[in-house]
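Just so you know, these numbers use all the heavy atoms, side chains as well, and skip hydrogens, waters and symmetry mates. Protein chains get the first letters and strands the later ones, always in sequence-line order, with residue 1 at the start of each.
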Amino acid sequence: MPELPEVVTVVKLLAPKIIHQTIVKFEIYYRKLLWRNEVDDFKQRVENQTIQNIYNKGKYIIIELENDVIISHLRMEGRWSVEPQKQLSYKENWLEAQFIFQDGNVLRYYDSRKFGTLEIVSKATFLSGEALKNVGPAVLDPNLTAKYLYDVFRKNKRPIKTVLLDQSIIAGIGNIYDNEILFAAKINPLTLANQISLKKVENILKHAHNIIEHSISVGGTTIHSFAPQKDVIGGYQDFLKVHGREKQECYVCQTKIEKMKIQGRGTYFCPFCQK
DNA sequence: ATATAGGCCTGACAGC
DNA sequence: TGCTGTCAGGCCTATA
């Protein structure tokens, strides 16, 4: 599911429901959700802690407790939900973990594909940067300048499509927005990163900002399954220009949109607009 | 150091 | 109605 706009949407919806809530009990139903922590350790560290804040860095969701920080990644299908104990928003066999609050509501994590991960680290470790050391500046981070990107691209011989997906260079772009950004910037996805001029990098960044901001403003993109919460969907799927539009006409030049695989990812582009 | 393939999982959908 | 194969918003690891 989620790329930056979807993660931001989830965080916005979750924030008022979980900040200042105290976790009285933690229960887990899918051991591998905690890929780096022991269950007992995780449980002991979250119980009786109050949630202080929630925000995101790229596609990662950061939930701050008093002493520790929970790092959540939804991967393809992860979903968070705050709900009454007796009411499950999604299928019971998707439920992987739950945090029971003092007020009786429950913060639940569901994942139909079981790809998502949860990790807890101390605040000191988190502040050291160790936990997210492979996560670069986020798309909308003011530190992400065209000059920085240009310098990274110059040393990179991979296709631009692949480089934009590299979270250590830019955090937050996934396959959908990668396709959309390259279409907007009129750049062929196979173009090698080191062949792109500074002017074109500026253009890519400008379109990345526009597209990501627009998508955030309408609550992200819902295709396949993304839902920020039960019965709520995003709105950006109505604005997609190439993603998922194989064999349909380009809105700009009427050429048929094509699909190819780059590094195993479905890549949609207009062969005329993106030469 | 870098590029690719495989793996993690399930659900939806197309084609037979 | 199945059954089989393919594909899917991501990322990590092992191998070449």
Length of the line joining [X]:[atom1] and [N]:[atom2], which is rounded to integer Å:
X      : N      : atom1 : atom2 : result
A:I262 : B:dT4  : CD1   : P     : 11 Å
A:N134 : B:dA1  : CG    : C1'   : 15 Å
A:L95  : B:dT10 : CG    : C1'   : 16 Å
A:D111 : C:dA8  : CG    : P     : 18 Å
A:R36  : C:dC11 : CZ    : P     : 14 Å
A:K247 : B:dA14 : NZ    : P     : 13 Å
A:E77  : C:dA8  : CD    : P     : 13 Å
A:K259 : C:dC7  : NZ    : C1'   : 7 Å

Query - Whether A:F115 stacks on the six-membered ring of C:dC11 base, 5.5 Å and 30° limits - result: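 So no, this residue does not stack on that base, at least one cut-off failing.
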Report yes if at least one side-chain N or O of [X] is closer than 4.0 Å to OP1 or OP2 of [N]; otherwise report no.
X      : N      : answer
A:W94  : B:dG11 : yes
A:R158 : B:dA3  : yes
A:K157 : B:dT2  : no
A:Q263 : B:dA3  : no
A:K261 : C:dT6  : no

Looking at the side chain of [X], which of [options] is the nearest nucleotide?
X      : options               : answer
A:K114 : C:dC12, B:dT10, C:dA8 : B:dT10
A:W35  : B:dC8, C:dC12, C:dA8  : C:dC12
A:H73  : C:dC11, C:dA8, B:dT10 : C:dC11

**Report entry** Rounded P spacing from C:dC11 to B:dA1 in Å
**Finding:**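 These two P atoms come out 23 Å apart once rounded.
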Query raised in the report: So does A:R113 reach the base of C:dA8 with its side chain, donor to acceptor, closer than 3.5 Å?
Result: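 Under the 3.5 Å cut-off, the side chain and the base do form a donor-acceptor pair.
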Requested in this report: Give the intermediate values and the outcome of side chain to side chain contact (heavy atoms under 4.5 Å, CB included) for residues A:I187 and A:K200.
Outcome: CA-CA 9 Å; A:I187 292 179; A:K200 285 188 174 168; 4.2 Å; yes
Requested in this report: Return the orientation label for the A:W80 and A:F99 ring planes: parallel under 30°, perpendicular over 60°, tilted otherwise.
Outcome: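 Rings of A:W80 and A:F99: tilted, as their planes differ by 30° to 60°.
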Requested in this report: May I have the step-by-step check of side-chain hydrogen bond (donor to acceptor under 3.5 Å, both in side chains) for A:Y251 and A:R245, ending in yes or no?
Outcome: CA-CA 10 Å; A:Y251 293 128; A:R245 297 196 63 245; 3.2 Å; yes
Query raised in the report: What's the verdict on salt bridge (charged side-chain N to carboxylate O under 4.0 Å, His left out) for A:E202 and A:K206, showing C-alpha distance, side-chain angles and the deciding distance?
Result: CA-CA 6 Å; A:E202 285 168 353; A:K206 186 189 78 184; over 6 Å; no
Query - Short N-O contact, A:D166 and A:R158, less than 4.0 angstrom - result: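 Between A:R158 and A:D166 there is a salt bridge, with a charged N closer than 4.0 Å to a carboxylate O.
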Query raised in the report: Checking all strands, does A:Y30 fall into the base, sugar-phosphate, or nothing category for heavy-atom contacts under 4.0 angstrom?
Result: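 Answer is sugar-phosphate: A:Y30 comes under 4.0 Å of backbone atoms only.
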